[in-house]
Number of protein chains: 2
Amino acid sequence: MSAVHGPRRRPTLDTVARAVGVSRATVSNAYNRPDQLSAPLRERILAVAEQLGYPGPDPVARSLATRRCAAVAFVLGTPLSTAFSDPALATALDGLASTVDGHEHSLVLVPGAGDGGPRPEAVARAQADVVVLYSLADGVPAVRAAVHRRLPLLVIDQPALPSAARVEIDDEGGAAVAAEHLLGLGHRRIAVLAVPFCPDHAEGPADAGRGATARHRVSRDRLAGYLRALGAAGLDPTAPAVWEAPSSAREAGRRGGRWLLGLDPRPTAVLCMSDELALGAVQAARDLGLSVPADVSVVGFDDTHAAAVGDPPLTTVHQPLVEKGRRAGEIALGLLAGAPPGPPVRLPTHLIVRASTAPPP
Amino acid sequence: MSAVHGPRRRPTLDTVARAVGVSRATVSNAYNRPDQLSAPLRERILAVAEQLGYPGPDPVARSLATRRCAAVAFVLGTPLSTAFSDPALATALDGLASTVDGHEHSLVLVPGAGDGGPRPEAVARAQADVVVLYSLADGVPAVRAAVHRRLPLLVIDQPALPSAARVEIDDEGGAAVAAEHLLGLGHRRIAVLAVPFCPDHAEGPADAGRGATARHRVSRDRLAGYLRALGAAGLDPTAPAVWEAPSSAREAGRRGGRWLLGLDPRPTAVLCMSDELALGAVQAARDLGLSVPADVSVVGFDDTHAAAVGDPPLTTVHQPLVEKGRRAGEIALGLLAGAPPGPPVRLPTHLIVRASTAPPP
DNA sequence: TTGTAGGCGTTATCAC
DNA sequence: GTGATAACGCCTACAA
């Protein structure tokens with residue numbers, strides 16, 4: 001009698017077909033190829049489906065049959081919320097989103113929190129047709145998991161991966177120019193406020209070894225750029241104090257800034273690996289009663305919107321964030337369409353001098 | 001002979017099972033339940049899989065079998081990139097992301113561009129276990145498509161939907177308070193700069209009818225709040241000039257501001273339905289050689305970060321964006337776990353007076 | 001225009 | 001600890 005009152009389990013294509021008295025294929029066509037059947041029949045099918053409470057073709061089953069998800073996966077190396085709160089990341093995603101939009105694809109954000117980067121299971125399970133890895137640390141399990149999937153793959157700001165497309169920034173060059181700017185102003189006691197070197201959430205002073213063996217290409221290269229410039233100016237490349245922040249967030253920068261500016265002798269300038277860190281360092285200076293740039297110069301990295309409107313406006317290294325995302329999006333879409341990975345795209349950086357740097361006091 | 005040189009098609013669980021000489025179930029267990037088989041056998045299976053180039057269990061097939069996607073879909077009413085560039089939306093998403101993170105779920109962003117809101121097909125095909133609708137216009141196809149799926153459903157800033165959970169803001173109350181603030185300062189010629197009333201990308205002056213029949217609950221309620229306060233103060237509620245912007249972006253606000261401030265007689269104050277619009281209006285005032293708030297007062301809505309640091313800092317209606325997202329995330333996670341929708345969550349707004357408002361000149 | 005048959009790659013449930 | 005077998009729900013030639 002339960003059969004009379006309608007099925008207890010949710011209806012499927014087959015339920016509808018049976019009720020109408022046609023085959024599954026015809027019901028499928030009613031949804032996906034209206035031109036393959038007569039209008040009246042289609043009407044009837046849809047009506048019965050509606051009345052049966054059939055929710056329409058199951059997207060997962062459809063994907064299984066078509067081998068298509070209509071989605072691009074974006075794997076973060078940081079918590080999910082940073083996609084919306086970290087200015088540099090959000091801006092790059094903005095660029096990527098603007099190219100993915102209008103192509104009938106969704107954007108799947110795969111969270112990256114955790115001590116060893118994103119959980120490899122999360123990467124293995126993401127339902128997408130192409131995967132984009134964003135600035136993951138070298139050798140984390142998630143990278144292996146991504147390669148393993150044999151899906152079209154694109155990495156952003158990471159070392160080359162066999163058969164993966166790549167978009168990246170000239171981090172070392174940009175960092176070197178930032179350091180040269182300070183040297184040119186006469187600074188000699190220069191400290192470094194770094195984004196994470198490894199995916200282990202460490203926070204505190206970092207020695208030279210830690211920086212050199214860093215597993216995040218971005219922080220490794222930026223540090224190398226700073227030190228190269230300092231070395232070229234005759235300074236001891238092991239001399240600068242380096243604070244490793246646990247993220248690129250402003251509060252983290254403030255803590256690091258307080259430590260660096262509390263050193264004796266106090267640095268006259270701080271090279272920061274992100275604008276948010278730099279803005280935090282400016283806060284720290286203020287906390288200590290120091291003025292920027294009169295008492296201490298601060299240089300950022302990224303050239304986010306906040307850097308330009310900061311107080312003082314930040315001298316920083318510009319990287320084309322929107323273009324980075326846009327190019328990544330175009331390449332991802334290309335891979336989706338069967339295009340080969342192509343040569344890596346390397347985007348330039350340049351220094352923007354604003355008001356947070358001046359000669360040392 | 002092609003069989004000798006290895007299969008041309010990509011290997012599956014079955015390929016591996018056959019090669020090892022075990023059943024599919026055992027291979028599946030090797031991946032998903034290591035404790036269900038002996039370690040040596042598992043090793044052997046994994047080794048053969050590796051050698052065969054088996055990418056691991058297919059996530060889509062797994063989802064089909066388990067009826068789980070491990071993802072929450074977030075359906076936007078605006079282009080994908082606004083998720084990262086619109087401050088109010090990004091902040092709400094930040095809150096949602098922070099609660100979803102750590103729960104082994106991905107976040108699927110479903111783009112919402114298009115004249116009639118998000119494409120219903122995109123909503124129908126999103127692979128997720130729960131869907132969140134964000135501020136979609138009443139009656140757009142995407143809403144029907146979402147309801148149709150019979151998945152746990154949550155709407156944010158939209159009218160009630162049968163059996164859907166709901167989180168929303170007291171838009172009308174907030175708007176009324178904003179208007180009352182201006183009235184209290186002595187303003188009588190007050191204009192309105194509105195976010196879209198309908199999903200049709202219209203831009204230009206809007207008459208009373210358009211506002212009253214708006215299909216976006218948010219803009220409808222905010223307008224109603226403004227007009228209620230003006231009416232209560234004895235002003236003609238049909239009098240205020242209203243400009244409908246095609247989005248809540250700053251540039252759109254600037255265009256609308258220029259039109260409103262070019263009217264004769266010029267309004268002495270502008271009520272803006274978003275902070276970005278308000279910031280655009282401030283720009284417009286500047287374009288026309290007017291000073292804010294000396295010549296014209298501007299009130300925003302949302303209380304985004306940019307409002308606080310603007311020049312001048314914006315008087316605006318605060319809405320708890322992060323909490324809105326967080327609550328939505330908690331509810332979505334709850335629905336996922338089988339919890340009932342529960343009563344709608346209505347979050348309060350309040351006025352923040354800063355420096356963009358003053359008595360009329 | 002409609003139906004048939006085979007396939008998509010897993011997981012789950014039981015036996016053994 | 002391991003293996004059959006049956007779902008899971010749909011798509012798509014191809015035949016009628």
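In this text the structure is predicted, and so the values were computed from the model without any measurement. So you know, we letter chains A, B, ... as the sequences are listed, proteins then strands, and number each from 1.
One N or O donor and one acceptor, one from the side chain of Arg24(A) and one from the base of dG6(C), sit under 3.5 Å apart.
Proximity of Thr12(A) to the phosphate of dG9(D): no side-chain N or O atom is located under 4.0 Å from OP1 or OP2. At least one side-chain nitrogen or oxygen of Arg62(B) sits closer than 4.0 Å to the OP1 or OP2 atom of dT11(C).
Thr26(A) contributes no side-chain N or O that, together with a main-chain N or O of Val22(A), makes up a donor-acceptor pair within less than 3.5 Å. Using a distance-only test at 3.5 Å, with no hydrogens or angles considered, a donor-acceptor pair links the side chain of Asp101(A) to the main chain of Leu80(B). Between the side chain of Asp129(B) and the backbone N or O of Ala70(B), at least one donor-acceptor pair lies under 3.5 Å. Here the side chain of Arg215(B) pairs a donor or acceptor atom with the backbone of Asp138(B) at under 3.5 angstrom. Remark: side-chain polar atoms of Gln36(A) are not paired, donor with acceptor, to backbone N or O of Asn29(A) under 3.5 angstrom.
Here Val22(B) lies in heavy-atom contact (under 4.0 Å) with sugar-phosphate atoms only. Counting any heavy atom pair closer than 4.0 Å across all strands shown, Leu13(B) reaches a base atom.
Between Thr66(A) and Gly21(B), the residue anchored closer to the 5' end of DNA chain D is Gly21(B), taking for each the nucleotide with the nearest heavy atom.
In this entry the distance linking CZ of Arg18(B) with P of dG3(D) reads 14 Å, nearest Å. Atom CZ in Arg67(A) sits roughly 16 Å away from atom C1' in dG6(C) (whole-Å rounding). We find that CG of Leu64(A) is positioned 9 Å from P of dC8(C), with the value rounded to whole Å.
Taken residue by residue, residues 26-42 of chain A places heavy atoms nearer than 4.0 Å to DNA chain C at Thr26(A), Asp35(A), Gln36(A), Leu37(A), Ser38(A), Leu41(A).
Checking dG3(C), dG9(C), dT11(C) against every side-chain atom of Ala61(B), the shortest atom distance belongs to dG9(C). Checking dT11(C), dG3(D), dC10(D) against the side-chain heavy atoms of Pro57(B) singles out dT11(C) as nearest.
Ser81(B) approaches Asp94(A) most closely through the heavy-atom pair CB-OD1, 2.9 Å.
Thr82(B) and Ser85(B) are not linked by any side-chain donor-acceptor pair at a separation below 3.5 angstrom, with hydrogens and angles left out of the test.
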